[in-house]
Protein chains: 2
Amino acid sequence: MKDLLLKFKIELPEGIYLKDPESSTLGKKIIEHSIILIEDIGFEHFNFKKLGKEIGSNESSIYRYFESKHKVLLYLTSWYWSWLEYQLVLETYSMTNIEEKLKKAIEIVTKTTEQDDKYTHINEVLLNQIVIEENSKSYLTKDVDTENEEGLFLPFKRVVHRLSDIIITYNSAYDYPLSLSSTIIVGSLKQHFIKKHFKSISNYDGDKNQTDFFTDLALKTLIKNG
Amino acid sequence: MKDLLLKFKIELPEGIYLKDPESSTLGKKIIEHSIILIEDIGFEHFNFKKLGKEIGSNESSIYRYFESKHKVLLYLTSWYWSWLEYQLVLETYSMTNIEEKLKKAIEIVTKTTEQDDKYTHINEVLLNQIVIEENSKSYLTKDVDTENEEGLFLPFKRVVHRLSDIIITYNSAYDYPLSLSSTIIVGSLKQHFIKKHFKSISNYDGDKNQTDFFTDLALKTLIKNG
DNA sequence: CAAATATAATAGTAATACTATCATTTTTGC
DNA sequence: GCAAAAATGATAGTATTACTATTATATTTG
(Lines give C-alpha, C1' and ligand atoms only; values in the text may rest on other atoms or scores of the structure.)
Protein backbone atom coordinates (compact mmCIF):
# COMPACT_ATOMS: atom_id res chain seq x y z
CA MET A 1 0.00 0.00 0.00
CA LYS A 2 2.83 2.34 0.86
CA ASP A 3 4.28 1.34 -2.47
CA LEU A 4 1.09 2.26 -4.26
CA LEU A 5 0.93 5.58 -2.50
CA LEU A 6 4.43 6.53 -3.42
CA LYS A 7 4.33 5.35 -6.97
CA PHE A 8 0.93 6.60 -8.00
CA LYS A 9 1.28 9.23 -10.62
CA ILE A 10 -1.55 10.64 -12.69
CA GLU A 11 -0.84 8.83 -15.95
CA LEU A 12 -2.71 10.12 -18.97
CA PRO A 13 -3.24 8.48 -22.35
CA GLU A 14 -0.64 9.09 -25.05
CA GLY A 15 -1.80 11.35 -27.81
CA ILE A 16 -3.77 13.66 -25.59
CA TYR A 17 -1.02 16.28 -25.73
CA LEU A 18 1.78 17.18 -28.14
CA LYS A 19 4.12 18.08 -25.30
CA ASP A 20 3.58 17.04 -21.70
CA PRO A 21 2.32 20.10 -19.80
CA GLU A 22 3.81 18.63 -16.60
CA SER A 23 7.26 19.01 -18.14
CA SER A 24 7.51 22.82 -17.92
CA THR A 25 6.37 25.88 -16.03
CA LEU A 26 4.44 27.12 -19.04
CA GLY A 27 2.73 23.77 -19.38
CA LYS A 28 1.58 23.85 -15.78
CA LYS A 29 0.35 27.41 -16.20
CA ILE A 30 -1.66 26.30 -19.24
CA ILE A 31 -3.38 23.63 -17.15
CA GLU A 32 -3.88 25.83 -14.11
CA HIS A 33 -5.46 28.65 -16.05
CA SER A 34 -7.41 26.45 -18.46
CA ILE A 35 -9.28 25.19 -15.41
CA ILE A 36 -9.91 28.69 -14.08
CA LEU A 37 -10.92 30.09 -17.47
CA ILE A 38 -13.16 27.22 -18.62
CA GLU A 39 -14.93 27.18 -15.27
CA ASP A 40 -15.43 30.92 -15.58
CA ILE A 41 -16.57 31.45 -19.18
CA GLY A 42 -17.54 27.91 -20.27
CA PHE A 43 -15.89 25.65 -22.83
CA GLU A 44 -17.67 27.23 -25.82
CA HIS A 45 -16.26 30.68 -25.08
CA PHE A 46 -12.83 29.39 -24.11
CA ASN A 47 -10.00 29.67 -26.64
CA PHE A 48 -6.21 29.78 -26.75
CA LYS A 49 -6.05 33.49 -27.46
CA LYS A 50 -7.92 34.30 -24.25
CA LEU A 51 -5.89 31.72 -22.33
CA GLY A 52 -2.66 33.20 -23.67
CA LYS A 53 -3.72 36.62 -22.45
CA GLU A 54 -4.48 35.23 -18.98
CA ILE A 55 -1.06 33.65 -18.57
CA GLY A 56 0.90 36.36 -20.37
CA SER A 57 1.91 33.94 -23.07
CA ASN A 58 1.38 33.53 -26.75
CA GLU A 59 -1.41 31.61 -28.47
CA SER A 60 1.14 29.88 -30.69
CA SER A 61 3.05 28.58 -27.66
CA ILE A 62 -0.08 26.89 -26.31
CA TYR A 63 -0.56 25.13 -29.63
CA ARG A 64 2.80 23.46 -29.03
CA TYR A 65 1.27 21.66 -26.05
CA PHE A 66 -2.22 20.89 -27.35
CA GLU A 67 -3.40 20.57 -30.91
CA SER A 68 -6.90 21.83 -30.06
CA LYS A 69 -9.04 23.05 -27.22
CA HIS A 70 -10.91 19.76 -27.43
CA LYS A 71 -7.70 17.98 -26.40
CA VAL A 72 -7.35 20.34 -23.43
CA LEU A 73 -10.83 19.29 -22.30
CA LEU A 74 -9.86 15.65 -22.74
CA TYR A 75 -6.71 16.28 -20.72
CA LEU A 76 -8.63 17.89 -17.87
CA THR A 77 -11.39 15.27 -17.72
CA SER A 78 -8.85 12.44 -18.00
CA TRP A 79 -6.84 13.99 -15.21
CA TYR A 80 -9.98 14.17 -13.08
CA TRP A 81 -10.91 10.53 -13.67
CA SER A 82 -7.35 9.37 -12.95
CA TRP A 83 -7.31 11.40 -9.79
CA LEU A 84 -10.69 9.99 -8.78
CA GLU A 85 -9.45 6.47 -9.45
CA TYR A 86 -6.58 7.17 -7.11
CA GLN A 87 -8.94 8.36 -4.37
CA LEU A 88 -11.05 5.28 -4.92
CA VAL A 89 -8.13 2.87 -4.64
CA LEU A 90 -6.47 4.70 -1.78
CA GLU A 91 -9.53 4.94 0.40
CA THR A 92 -10.97 1.47 -0.14
CA TYR A 93 -7.85 -0.65 -0.61
CA SER A 94 -7.50 -1.91 2.92
CA MET A 95 -11.18 -2.18 3.79
CA THR A 96 -12.33 -5.68 4.61
CA ASN A 97 -16.02 -5.14 5.33
CA ILE A 98 -17.43 -5.28 1.82
CA GLU A 99 -20.59 -3.30 2.59
CA GLU A 100 -18.53 -0.50 4.12
CA LYS A 101 -16.22 -0.68 1.14
CA LEU A 102 -19.10 -0.32 -1.30
CA LYS A 103 -20.51 2.59 0.67
CA LYS A 104 -17.14 4.29 0.74
CA ALA A 105 -16.68 3.84 -3.01
CA ILE A 106 -20.10 5.33 -3.73
CA GLU A 107 -19.36 8.21 -1.41
CA ILE A 108 -16.13 8.98 -3.25
CA VAL A 109 -17.65 9.01 -6.72
CA THR A 110 -20.79 10.96 -5.76
CA LYS A 111 -19.69 13.56 -3.23
CA THR A 112 -18.69 17.13 -3.95
CA THR A 113 -14.95 17.31 -4.51
CA GLU A 114 -12.66 18.82 -1.90
CA GLN A 115 -9.34 20.49 -2.55
CA ASP A 116 -6.31 18.19 -2.75
CA ASP A 117 -3.15 20.14 -1.96
CA LYS A 118 -0.86 17.54 -3.50
CA TYR A 119 -1.18 19.05 -6.97
CA THR A 120 -0.56 22.74 -6.54
CA HIS A 121 -1.39 23.90 -10.06
CA ILE A 122 -4.70 22.06 -10.14
CA ASN A 123 -7.79 23.30 -8.38
CA GLU A 124 -9.79 20.09 -7.94
CA VAL A 125 -12.92 21.94 -6.82
CA LEU A 126 -13.07 23.99 -10.02
CA LEU A 127 -12.09 20.93 -12.05
CA ASN A 128 -15.02 19.03 -10.55
CA GLN A 129 -17.31 21.87 -11.66
CA ILE A 130 -15.87 21.61 -15.17
CA VAL A 131 -16.46 17.86 -15.20
CA ILE A 132 -20.08 18.43 -14.12
CA GLU A 133 -20.75 21.07 -16.77
CA GLU A 134 -18.51 20.01 -19.65
CA ASN A 135 -17.60 16.31 -19.38
CA SER A 136 -20.24 15.14 -21.87
CA LYS A 137 -18.77 17.40 -24.53
CA SER A 138 -15.53 15.42 -24.45
CA TYR A 139 -17.23 12.34 -25.89
CA LEU A 140 -20.43 13.61 -27.55
CA THR A 141 -18.65 14.17 -30.84
CA LYS A 142 -18.43 12.44 -34.19
CA ASP A 143 -14.84 11.46 -33.35
CA VAL A 144 -15.77 9.46 -30.27
CA ASP A 145 -15.13 6.04 -31.82
CA THR A 146 -11.71 6.95 -33.20
CA GLU A 147 -10.65 8.62 -29.96
CA ASN A 148 -11.98 5.67 -27.99
CA GLU A 149 -9.83 3.30 -30.05
CA GLU A 150 -6.85 5.54 -29.31
CA GLY A 151 -7.53 4.96 -25.62
CA LEU A 152 -8.44 8.56 -24.80
CA PHE A 153 -11.34 7.52 -22.56
CA LEU A 154 -9.49 4.86 -20.59
CA PRO A 155 -9.21 6.87 -17.35
CA PHE A 156 -13.00 7.22 -17.22
CA LYS A 157 -13.57 3.60 -18.11
CA ARG A 158 -11.09 2.50 -15.45
CA VAL A 159 -13.12 4.25 -12.75
CA VAL A 160 -16.26 2.50 -13.99
CA HIS A 161 -14.44 -0.83 -13.80
CA ARG A 162 -13.09 -0.15 -10.30
CA LEU A 163 -16.56 0.53 -8.92
CA SER A 164 -17.96 -2.39 -10.88
CA ASP A 165 -15.37 -4.69 -9.28
CA ILE A 166 -16.43 -3.56 -5.82
CA ILE A 167 -20.07 -4.15 -6.80
CA ILE A 168 -19.20 -7.67 -7.94
CA THR A 169 -17.39 -8.39 -4.68
CA TYR A 170 -20.50 -7.29 -2.83
CA ASN A 171 -22.91 -9.34 -4.94
CA SER A 172 -21.41 -11.60 -7.57
CA ALA A 173 -24.85 -12.71 -8.78
CA TYR A 174 -25.90 -9.26 -9.91
CA ASP A 175 -26.42 -9.03 -13.66
CA TYR A 176 -25.48 -5.41 -14.37
CA PRO A 177 -22.42 -4.36 -12.36
CA LEU A 178 -20.93 -2.19 -15.12
CA SER A 179 -24.26 -0.58 -15.96
CA LEU A 180 -24.92 0.18 -12.31
CA SER A 181 -21.42 1.54 -11.90
CA SER A 182 -21.63 3.87 -14.91
CA THR A 183 -25.15 4.93 -13.92
CA ILE A 184 -23.91 5.95 -10.47
CA ILE A 185 -20.79 7.72 -11.76
CA VAL A 186 -22.33 9.59 -14.68
CA GLY A 187 -25.70 9.93 -12.93
CA SER A 188 -24.00 11.62 -10.01
CA LEU A 189 -22.59 14.31 -12.29
CA LYS A 190 -26.06 14.88 -13.74
CA GLN A 191 -27.58 15.07 -10.26
CA HIS A 192 -25.05 17.74 -9.30
CA PHE A 193 -26.05 19.67 -12.40
CA ILE A 194 -29.76 19.26 -11.70
CA LYS A 195 -29.32 20.36 -8.10
CA LYS A 196 -27.66 23.53 -9.31
CA HIS A 197 -29.72 24.44 -12.37
CA PHE A 198 -33.01 22.49 -12.32
CA LYS A 199 -33.82 22.57 -8.62
CA SER A 200 -37.52 21.82 -9.25
CA ILE A 201 -36.72 18.28 -10.35
CA SER A 202 -34.45 17.40 -7.45
CA ASN A 203 -35.10 16.05 -3.96
CA TYR A 204 -31.98 17.40 -2.32
CA ASP A 205 -32.97 19.76 0.43
CA GLY A 206 -32.23 19.77 4.09
CA ASP A 207 -30.10 16.77 4.93
CA LYS A 208 -30.83 14.74 1.79
CA ASN A 209 -28.03 14.59 -0.75
CA GLN A 210 -26.97 12.61 -3.79
CA THR A 211 -24.58 10.34 -1.91
CA ASP A 212 -27.48 9.14 0.26
CA PHE A 213 -29.66 8.72 -2.82
CA PHE A 214 -27.12 6.59 -4.69
CA THR A 215 -26.08 4.62 -1.60
CA ASP A 216 -29.69 3.70 -0.86
CA LEU A 217 -30.22 2.88 -4.54
CA ALA A 218 -27.18 0.63 -4.80
CA LEU A 219 -27.67 -1.25 -1.51
CA LYS A 220 -31.30 -2.02 -2.33
CA THR A 221 -30.50 -2.97 -5.91
CA LEU A 222 -27.71 -5.29 -4.81
CA ILE A 223 -29.69 -7.02 -2.11
CA LYS A 224 -29.18 -10.77 -2.21
CA ASN A 225 -32.51 -12.45 -2.62
CA GLY A 226 -31.30 -15.70 -4.10
CA MET B 1 -59.27 9.51 -22.39
CA LYS B 2 -60.67 9.80 -25.88
CA ASP B 3 -60.71 13.52 -25.25
CA LEU B 4 -57.06 13.50 -24.28
CA LEU B 5 -56.17 11.51 -27.35
CA LEU B 6 -57.91 13.84 -29.72
CA LYS B 7 -56.79 17.05 -28.15
CA PHE B 8 -53.15 16.23 -27.48
CA LYS B 9 -50.95 18.44 -29.57
CA ILE B 10 -47.21 18.75 -29.20
CA GLU B 11 -47.08 22.14 -27.47
CA LEU B 12 -43.67 23.73 -27.30
CA PRO B 13 -42.48 26.62 -25.13
CA GLU B 14 -42.90 30.15 -26.48
CA GLY B 15 -39.68 31.78 -27.53
CA ILE B 16 -38.12 28.65 -28.95
CA TYR B 17 -38.86 29.81 -32.49
CA LEU B 18 -39.41 33.14 -34.22
CA LYS B 19 -42.05 31.69 -36.53
CA ASP B 20 -43.82 28.38 -35.88
CA PRO B 21 -42.31 25.81 -38.25
CA GLU B 22 -45.59 23.87 -38.13
CA SER B 23 -47.27 26.81 -39.85
CA SER B 24 -45.75 26.32 -43.31
CA THR B 25 -44.32 23.81 -45.74
CA LEU B 26 -40.89 25.41 -45.49
CA GLY B 27 -41.06 25.25 -41.70
CA LYS B 28 -41.83 21.54 -41.75
CA LYS B 29 -39.02 20.94 -44.22
CA ILE B 30 -36.64 22.76 -41.88
CA ILE B 31 -37.59 20.40 -39.05
CA GLU B 32 -37.59 17.28 -41.19
CA HIS B 33 -34.15 17.93 -42.64
CA SER B 34 -32.64 19.33 -39.45
CA ILE B 35 -33.25 15.93 -37.93
CA ILE B 36 -31.74 14.09 -40.90
CA LEU B 37 -28.75 16.42 -41.15
CA ILE B 38 -27.91 16.67 -37.43
CA GLU B 39 -28.14 12.90 -37.07
CA ASP B 40 -25.85 12.54 -40.06
CA ILE B 41 -23.08 15.07 -39.45
CA GLY B 42 -23.54 15.96 -35.76
CA PHE B 43 -24.66 19.21 -34.17
CA GLU B 44 -21.18 20.81 -34.30
CA HIS B 45 -20.94 20.47 -38.07
CA PHE B 46 -24.57 21.39 -38.68
CA ASN B 47 -25.37 24.91 -39.87
CA PHE B 48 -28.10 26.81 -41.70
CA LYS B 49 -26.11 27.09 -44.91
CA LYS B 50 -25.82 23.31 -45.23
CA LEU B 51 -29.45 22.87 -44.20
CA GLY B 52 -30.55 25.42 -46.81
CA LYS B 53 -28.69 23.49 -49.47
CA GLU B 54 -30.39 20.22 -48.42
CA ILE B 55 -33.89 21.66 -48.70
CA GLY B 56 -33.21 23.88 -51.70
CA SER B 57 -33.88 26.97 -49.70
CA ASN B 58 -31.93 29.98 -48.55
CA GLU B 59 -30.00 30.36 -45.31
CA SER B 60 -31.69 33.70 -44.67
CA SER B 61 -35.13 32.12 -44.86
CA ILE B 62 -34.26 29.64 -42.12
CA TYR B 63 -33.20 32.50 -39.87
CA ARG B 64 -36.79 33.76 -40.05
CA TYR B 65 -37.86 30.61 -38.21
CA PHE B 66 -35.03 30.17 -35.72
CA GLU B 67 -32.65 32.76 -34.37
CA SER B 68 -29.84 30.20 -33.98
CA LYS B 69 -28.96 26.57 -34.46
CA HIS B 70 -29.04 26.23 -30.69
CA LYS B 71 -32.75 27.04 -30.78
CA VAL B 72 -33.28 24.36 -33.43
CA LEU B 73 -31.71 21.83 -31.07
CA LEU B 74 -33.95 23.07 -28.27
CA TYR B 75 -36.94 22.73 -30.57
CA LEU B 76 -36.06 19.16 -31.50
CA THR B 77 -35.31 17.99 -27.96
CA SER B 78 -38.43 19.74 -26.62
CA TRP B 79 -40.49 18.10 -29.32
CA TYR B 80 -39.04 14.73 -28.31
CA TRP B 81 -39.80 15.19 -24.61
CA SER B 82 -43.34 16.37 -25.37
CA TRP B 83 -43.89 13.40 -27.62
CA LEU B 84 -42.48 11.06 -24.96
CA GLU B 85 -44.77 12.62 -22.36
CA TYR B 86 -47.67 11.87 -24.65
CA GLN B 87 -46.62 8.21 -24.99
CA LEU B 88 -46.24 8.02 -21.23
CA VAL B 89 -49.69 9.43 -20.50
CA LEU B 90 -51.39 7.53 -23.30
CA GLU B 91 -50.00 4.13 -22.40
CA THR B 92 -50.30 4.29 -18.61
CA TYR B 93 -53.43 6.42 -18.12
CA SER B 94 -55.94 3.62 -17.70
CA MET B 95 -53.72 1.15 -15.89
CA THR B 96 -54.90 0.25 -12.40
CA ASN B 97 -52.21 -2.18 -11.29
CA ILE B 98 -49.60 0.23 -10.00
CA GLU B 99 -46.67 -2.12 -10.38
CA GLU B 100 -47.58 -2.80 -13.99
CA LYS B 101 -48.01 0.92 -14.48
CA LEU B 102 -44.55 1.65 -13.10
CA LYS B 103 -43.03 -1.06 -15.27
CA LYS B 104 -44.79 0.29 -18.34
CA ALA B 105 -43.61 3.83 -17.61
CA ILE B 106 -40.00 2.71 -17.23
CA GLU B 107 -40.25 0.72 -20.42
CA ILE B 108 -41.46 3.76 -22.33
CA VAL B 109 -38.70 6.08 -21.15
CA THR B 110 -35.88 3.54 -21.54
CA LYS B 111 -36.63 1.58 -24.69
CA THR B 112 -35.35 2.30 -28.19
CA THR B 113 -37.80 4.54 -29.99
CA GLU B 114 -40.01 3.18 -32.75
CA GLN B 115 -41.40 5.14 -35.66
CA ASP B 116 -44.67 7.01 -35.02
CA ASP B 117 -46.47 7.62 -38.31
CA LYS B 118 -48.70 10.32 -36.88
CA TYR B 119 -46.14 13.03 -37.55
CA THR B 120 -45.05 12.57 -41.14
CA HIS B 121 -42.25 15.13 -41.25
CA ILE B 122 -40.61 13.82 -38.07
CA ASN B 123 -38.52 10.67 -37.99
CA GLU B 124 -38.74 9.70 -34.32
CA VAL B 125 -36.06 7.03 -34.65
CA LEU B 126 -33.49 9.54 -35.90
CA LEU B 127 -34.74 12.11 -33.39
CA ASN B 128 -34.14 9.61 -30.59
CA GLN B 129 -30.56 9.18 -31.84
CA ILE B 130 -30.14 12.97 -31.76
CA VAL B 131 -31.46 13.10 -28.21
CA ILE B 132 -28.99 10.38 -27.18
CA GLU B 133 -26.01 12.10 -28.80
CA GLU B 134 -26.84 15.79 -28.49
CA ASN B 135 -29.40 16.38 -25.73
CA SER B 136 -26.84 17.43 -23.11
CA LYS B 137 -25.62 20.22 -25.38
CA SER B 138 -29.03 21.90 -25.17
CA TYR B 139 -28.53 22.68 -21.48
CA LEU B 140 -24.78 22.45 -20.86
CA THR B 141 -24.32 26.13 -21.71
CA LYS B 142 -23.73 29.33 -19.81
CA ASP B 143 -27.28 30.42 -20.74
CA VAL B 144 -28.96 27.50 -19.00
CA ASP B 145 -30.36 29.53 -16.10
CA THR B 146 -31.83 32.26 -18.29
CA GLU B 147 -33.33 29.76 -20.70
CA ASN B 148 -34.65 27.71 -17.81
CA GLU B 149 -36.43 30.80 -16.43
CA GLU B 150 -37.94 31.32 -19.87
CA GLY B 151 -39.42 27.82 -19.59
CA LEU B 152 -37.42 26.29 -22.43
CA PHE B 153 -36.78 23.07 -20.50
CA LEU B 154 -40.35 22.51 -19.32
CA PRO B 155 -41.08 19.59 -21.68
CA PHE B 156 -38.15 17.64 -20.25
CA LYS B 157 -39.05 18.54 -16.68
CA ARG B 158 -42.65 17.51 -17.26
CA VAL B 159 -41.55 14.00 -18.24
CA VAL B 160 -39.46 13.78 -15.08
CA HIS B 161 -42.49 14.84 -13.03
CA ARG B 162 -44.79 12.34 -14.75
CA LEU B 163 -42.52 9.41 -13.93
CA SER B 164 -41.94 10.78 -10.45
CA ASP B 165 -45.71 10.86 -9.87
CA ILE B 166 -45.99 7.22 -10.86
CA ILE B 167 -43.09 6.40 -8.52
CA ILE B 168 -44.89 8.20 -5.68
CA THR B 169 -48.09 6.27 -6.36
CA TYR B 170 -46.09 3.07 -6.15
CA ASN B 171 -44.29 4.00 -2.94
CA SER B 172 -45.27 7.24 -1.27
CA ALA B 173 -42.67 6.79 1.47
CA TYR B 174 -39.70 6.89 -0.89
CA ASP B 175 -37.47 9.91 -0.30
CA TYR B 176 -36.12 10.60 -3.80
CA PRO B 177 -38.86 10.17 -6.43
CA LEU B 178 -37.66 13.06 -8.62
CA SER B 179 -34.01 12.04 -8.36
CA LEU B 180 -34.86 8.46 -9.24
CA SER B 181 -37.03 9.61 -12.13
CA SER B 182 -34.37 11.89 -13.62
CA THR B 183 -31.70 9.25 -13.06
CA ILE B 184 -33.73 6.72 -15.03
CA ILE B 185 -34.62 9.13 -17.83
CA VAL B 186 -31.23 10.75 -18.34
CA GLY B 187 -29.37 7.59 -17.33
CA SER B 188 -31.19 5.66 -20.00
CA LEU B 189 -29.91 8.03 -22.69
CA LYS B 190 -26.37 7.58 -21.37
CA GLN B 191 -26.76 3.80 -21.32
CA HIS B 192 -27.84 3.88 -24.97
CA PHE B 193 -24.73 5.90 -25.74
CA ILE B 194 -22.46 3.58 -23.77
CA LYS B 195 -23.95 0.53 -25.44
CA LYS B 196 -23.14 2.03 -28.82
CA HIS B 197 -19.74 3.62 -28.20
CA PHE B 198 -18.22 2.23 -24.98
CA LYS B 199 -19.29 -1.40 -25.21
CA SER B 200 -16.59 -2.53 -22.76
CA ILE B 201 -18.37 -0.81 -19.86
CA SER B 202 -21.83 -2.15 -20.57
CA ASN B 203 -23.59 -5.37 -19.61
CA TYR B 204 -26.04 -5.48 -22.48
CA ASP B 205 -25.46 -8.58 -24.47
CA GLY B 206 -27.69 -11.45 -25.37
CA ASP B 207 -31.11 -10.84 -23.85
CA LYS B 208 -30.08 -8.23 -21.29
CA ASN B 209 -31.07 -4.67 -22.07
CA GLN B 210 -31.38 -1.30 -20.38
CA THR B 211 -35.13 -1.57 -19.80
CA ASP B 212 -34.52 -4.69 -17.71
CA PHE B 213 -31.68 -3.00 -15.89
CA PHE B 214 -33.72 0.06 -14.94
CA THR B 215 -36.86 -1.93 -14.14
CA ASP B 216 -34.93 -4.19 -11.77
CA LEU B 217 -33.21 -1.13 -10.27
CA ALA B 218 -36.45 0.77 -9.68
CA LEU B 219 -38.47 -2.12 -8.29
CA LYS B 220 -35.76 -3.05 -5.81
CA THR B 221 -35.14 0.56 -4.83
CA LEU B 222 -38.85 1.17 -4.25
CA ILE B 223 -39.43 -1.94 -2.20
CA LYS B 224 -41.53 -1.21 0.86
CA ASN B 225 -39.65 -2.27 3.92
CA GLY B 226 -41.39 0.00 6.43
C1' DC C 1 -55.39 42.91 -58.82
C1' DA C 2 -53.02 45.54 -55.35
C1' DA C 3 -51.16 45.12 -50.93
C1' DA C 4 -49.18 42.31 -47.71
C1' DT C 5 -46.41 38.60 -46.62
C1' DA C 6 -42.97 35.04 -47.43
C1' DT C 7 -38.94 33.67 -49.47
C1' DA C 8 -34.50 34.29 -52.00
C1' DA C 9 -30.18 36.46 -53.20
C1' DT C 10 -26.33 38.87 -52.10
C1' DA C 11 -23.06 41.13 -49.36
C1' DG C 12 -20.87 41.93 -45.30
C1' DT C 13 -18.87 41.25 -40.39
C1' DA C 14 -16.60 39.89 -36.22
C1' DA C 15 -14.99 35.96 -34.22
C1' DT C 16 -13.12 31.31 -34.24
C1' DA C 17 -9.82 27.73 -34.59
C1' DC C 18 -6.47 27.08 -36.28
C1' DT C 19 -1.43 26.98 -39.60
C1' DA C 20 2.92 28.85 -41.09
C1' DT C 21 6.93 31.45 -40.70
C1' DC C 22 10.39 33.85 -38.63
C1' DA C 23 12.46 36.17 -34.58
C1' DT C 24 13.99 36.09 -29.97
C1' DT C 25 14.91 34.17 -25.56
C1' DT C 26 16.30 30.41 -22.57
C1' DT C 27 18.43 26.14 -21.64
C1' DT C 28 22.02 22.71 -22.28
C1' DG C 29 26.18 20.36 -22.90
C1' DC C 30 30.95 20.81 -23.51
C1' DG D 1 31.67 30.99 -21.26
C1' DC D 2 29.78 29.96 -25.43
C1' DA D 3 27.66 27.73 -29.36
C1' DA D 4 23.97 24.81 -30.60
C1' DA D 5 19.56 23.33 -29.59
C1' DA D 6 15.21 23.91 -27.77
C1' DA D 7 11.45 26.71 -26.18
C1' DT D 8 8.76 30.62 -26.58
C1' DG D 9 6.95 34.86 -28.80
C1' DA D 10 5.28 37.83 -32.55
C1' DT D 11 3.02 38.42 -36.59
C1' DA D 12 0.38 37.28 -40.49
C1' DG D 13 -2.75 34.67 -42.83
C1' DT D 14 -6.85 31.37 -43.90
C1' DA D 15 -11.14 29.01 -44.27
C1' DT D 16 -15.17 28.66 -41.77
C1' DT D 17 -18.80 29.97 -38.78
C1' DA D 18 -22.79 32.18 -37.13
C1' DC D 19 -24.81 35.35 -37.89
C1' DT D 20 -27.07 40.67 -39.66
C1' DA D 21 -28.68 43.83 -43.12
C1' DT D 22 -30.56 45.05 -47.35
C1' DT D 23 -32.82 44.56 -51.46
C1' DA D 24 -35.26 41.80 -54.88
C1' DT D 25 -38.63 38.49 -56.26
C1' DA D 26 -42.29 35.29 -55.67
C1' DT D 27 -46.61 33.91 -53.42
C1' DT D 28 -50.73 34.53 -50.87
C1' DT D 29 -54.80 36.97 -49.50
C1' DG D 30 -58.69 40.20 -49.15
Side-chain angles (χ1 to χ4, degrees), chain A residues 15-34 37-38 40-76 121 134 137-138 140-143 146-147 152, chain B residues 15-34 37-38 40-76 121 134 137-138 140-143 146-147 152:
Chain A
I16 246 178
Y17 47 73
L18 298 170
K19 181 180 172 173
D20 186 357
E22 289 288 332
S23 70
S24 73
T25 322
L26 178 60
K28 281 177 200 146
K29 268 171 101 176
I30 289 172
I31 299 309
E32 179 180 3
H33 289 270
S34 285
L37 194 54
I38 292 174
D40 184 25
I41 65 178
F43 185 66
E44 269 65 40
H45 298 292
F46 166 82
N47 64 43
F48 287 0
K49 197 163 197 173
K50 288 176 187 168
L51 177 60
K53 208 169 180 181
E54 285 292 310
I55 62 180
S57 189
N58 199 276
E59 194 187 355
S60 61
S61 305
I62 302 167
Y63 274 105
R64 293 227 176 66
Y65 286 84
F66 292 100
E67 62 181 74
S68 65
K69 69 174 194 171
H70 170 69
K71 287 285 171 75
V72 171
L73 183 59
L74 274 176
Y75 183 94
L76 297 180
H121 63 296
E134 321 283 0
K137 296 171 194 167
S138 71
L140 294 180
T141 72
K142 282 282 162 186
D143 297 324
T146 316
E147 292 186 343
L152 302 191
Chain B
I16 248 178
Y17 47 73
L18 298 170
K19 181 179 171 173
D20 186 358
E22 289 287 332
S23 70
S24 75
T25 321
L26 178 60
K28 280 177 201 149
K29 268 171 100 177
I30 289 172
I31 299 309
E32 180 180 3
H33 290 269
S34 285
L37 195 53
I38 291 173
D40 185 25
I41 64 178
F43 185 66
E44 270 64 42
H45 298 293
F46 166 83
N47 64 44
F48 287 180
K49 198 164 196 173
K50 289 175 187 168
L51 177 60
K53 208 169 181 181
E54 285 293 309
I55 62 179
S57 190
N58 199 277
E59 193 188 355
S60 61
S61 305
I62 302 167
Y63 274 104
R64 295 235 170 61
Y65 287 84
F66 292 100
E67 61 182 77
S68 65
K69 70 174 193 170
H70 171 68
K71 287 286 171 75
V72 171
L73 183 60
L74 274 176
Y75 183 94
L76 297 180
H121 63 297
E134 320 283 2
K137 297 172 193 166
S138 71
L140 294 180
T141 71
K142 282 282 162 184
D143 296 324
T146 316
E147 292 185 344
L152 302 191

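We name chains A, B, ... by the order of the sequence lines, and we start the count at 1 in each one.
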| said: Measuring only between side-chain heavy atoms, which start at C-beta, is Y75(B) closer than 4.5 Å to S34(B)? | reply: no
| remark: Winner on side-chain proximity to S24(B), out of dT16(C), dT7(C), dT8(D), is dT7(C)
| I55(B) CD1 - dA6(C) P separation (whole Å) | 16 Å
| task | Using the closest heavy atom to pick a nucleotide of DNA chain C for each, name whichever of N58(B) or N47(A) lands nearer the 5' end. | result | N58(B)
| task | Any chance you could measure I55(A), atom CD1, to K28(A), atom NZ, to the nearest 0.5 Å? | result | 14.0 Å
| said: Any side-chain N or O of K49(B) below 4.0 angstrom from OP1/OP2 of dT17(D)? | reply: no
| Between T141(A) and D143(A), a side-chain donor and acceptor under 3.5 Å | no
| Protein-nucleotide distance (F48(B), atom CZ; dA9(C), atom P), rounded to Å | 18 Å
| So how far is it from H33(A) NE2 to I62(A) CD1, rounded to the nearest 0.5 Å? | 11.0 Å
| remark: Note: contacts of residues 63-72 of chain A with DNA chain C (heavy atom, under 4.0 Å) are Y63(A), E67(A), S68(A), K69(A)
| message | Could you tell me if the side chain of Y65(B) sits less than 4.5 Å from the side chain of I31(B), heavy atoms only? | response | no
| field | E59(B) CD - dC19(D) P separation (whole Å) | value | 10 Å
Donor-acceptor pairs under 3.5 Å, side chain of residues 66-74 of chain B to any protein atom, not counting sequence neighbours: which ones?
unit_1	atom_1	unit_2	atom_2	d
S68(B)	OG	K71(B)	N	3.3
K69(B)	NZ	F43(B)	O	2.9
K69(B)	NZ	E44(B)	O	3.2
K69(B)	NZ	F46(B)	O	3.0
H70(B)	NE2	E147(B)	OE1	3.0
H70(B)	NE2	E147(B)	OE2	3.0

| remark: D20(B) CG to dA6(C) C1', in whole Å, measures 15 Å
| query | For dA8(C), does OP1 or OP2 lie under 4.0 Å from any side-chain N or O of S61(B)? | reply | yes
| task | Rounded off to whole Å, could you give me the NZ-to-C1' distance for the K29(A) and dT8(D) pair? | result | 12 Å
| message | For dT5(C) and K19(B) - does any side-chain N or O of the residue sit under 4.0 Å from the phosphate oxygens OP1/OP2? | response | no
| In whole angstroms, how far is the C1' atom of dT11(D) from the NZ atom of K53(A)? | 16 Å
| Distance in angstrom units between H45(A) NE2 and dA14(C) P, rounded | 19 Å
| said: Between P on dT17(D) and CG on L51(B), what's the gap in Å once rounded to a whole number? | reply: 14 Å
| Can you find a side chain N or O atom of S57(B) that sits less than 4.0 Å from OP1 or OP2 on dT7(C)? | no
| said: Other residues, nucleotides and ligands only: do more than 12 of their heavy atoms fall within 6.0 Å of NZ on K49(A)? | reply: no
